[in-house]
Amino acid sequence: MSEPRDAAARRAIAPVICYPDDTLPRLDAGLMARAKDGWKKVSETRVAPRDAACFRARAGQVFRISSVDGPQVGDFNLWNERDFSERFYSGKTRALHGTHVTTGDRLWSSFPGLRPMATIIADSLDWYGIDGFGGSVHDVIGTRCDPYTHNLLTGGQYHHCCHSNLTRAFAAETGLSLTEAEPHIHDVLNVFMCTGFTRDTGQYFMKASPVRPGDHLDFIAEIDVIGALSACPGGDCGAVHSSDEAACHSLLIEVFDCAATQGWQPPDRNGYAGGHGAG
Ligand SMILES: [Zn+2]
C-alpha cells in the first residue's frame, strides 16, 4: 500500500504507557531487604536437566531459584495451592511490569483473582539491564517450549519440551492424570532466559543467557503456592531448544522460613464486584 501524505506525522505521535504503574501496590522495600535475615531453609528441590519438579511454599516463605552447575534457563509455573484455577498470568504481568521482570515486580494471578502470588525480592542478574539487541533476562513474553509448536514447524516428536516436563511434574505432585494435568500448564516466567524482539522484523529472539552458577532469583510467596520449574532442553537457550542437542544443566529451588514475614497476610483477591454489566 502507498503511504498516506501524513504518514510521518502519524508515526511521530509519542507513545503512552498502557498501564502506568504508579498506583500499583508495592511491597515494602525494607521488608524485602530484611526477609533473608536469619532465614532457615525448610526444603530443597533439584530439577534435573530436561525435566521439571514441583515445590510448595507457604505465604510469607521465601523461595530461591538458582543456577548450580552451568548456564541454564528455567520455565516457571505457579498455582494457588488450594485452587488451581488461580494461576500465574504471564500476559497481565507483562502488561503491568514490562517484558522482563526483576526485583520489586510481582507475579500476578489470573482473573478474577488478579493479585500478587509472589514478588521478586532479589535478582543477581539485575545488572544486565537491556542490551544492545533489546534483550533482557527473566521474560514474560515467551510461552514455554512445547511439542505442538515443534511438530508444527518440523513434523517431529519430542517429549522433553518444558510444556511436557511441567505436565509430568504437576501430575506427579497432584495425583492428576497427565490428561487432567495438561490444561493447568500455562504461559511461563522464563527464569534466567535472555530474550527480546528483533527491531527489524519484530520476531521473538533468544540469546545465550548471562546466568552463571550461583546466580539466583528470590521471591516471597504472597499466597500458599505450588510452583513448577522445568530445566529447559534449550540449556542456556543460545542456539536451539526442543531437542537433546543443547548442553543442559540442573536447577535448584530452595524454600526458606523468614522471621520478618511471620504471620504474613495474603493479599485480597481483586476488588471488582463482578456482574459485567448484565441485568
Ligand atoms: Zn523450554
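In listed order, ligands and their atoms are each counted from 1.
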Original post:
In the shown structure, where waters are left out, how many protein N, O or S atoms lie under 2.8 Å from the Zn ion (ligand 1)?
Top reply: 3
Hey, would you say the [X] and [Y] ring centroids sit under 6.0 Å apart?
X	Y	answer
F170	W79	yes
Y89	F111	yes
F55	F63	yes

**OP:** Ignoring hydrogens and angles, state whether a donor on the side chain of R106 or T119 is under 3.5 Å from an acceptor on the partner side chain.
**Re:** yes
Original post:
Do V191 and I120 belong to the same hydrophobic cluster, where Ile, Leu, Val, Met, Phe, Trp and Tyr are linked whenever their side-chain heavy atoms lie under 4.5 Å apart, directly or via other members?
Top reply: yes
Subject >> Any residue meeting ring-ring contact (aromatic ring centres under 6.0 Å, His included) with W264, in chain and number order, not counting sequence neighbours >> reply: none
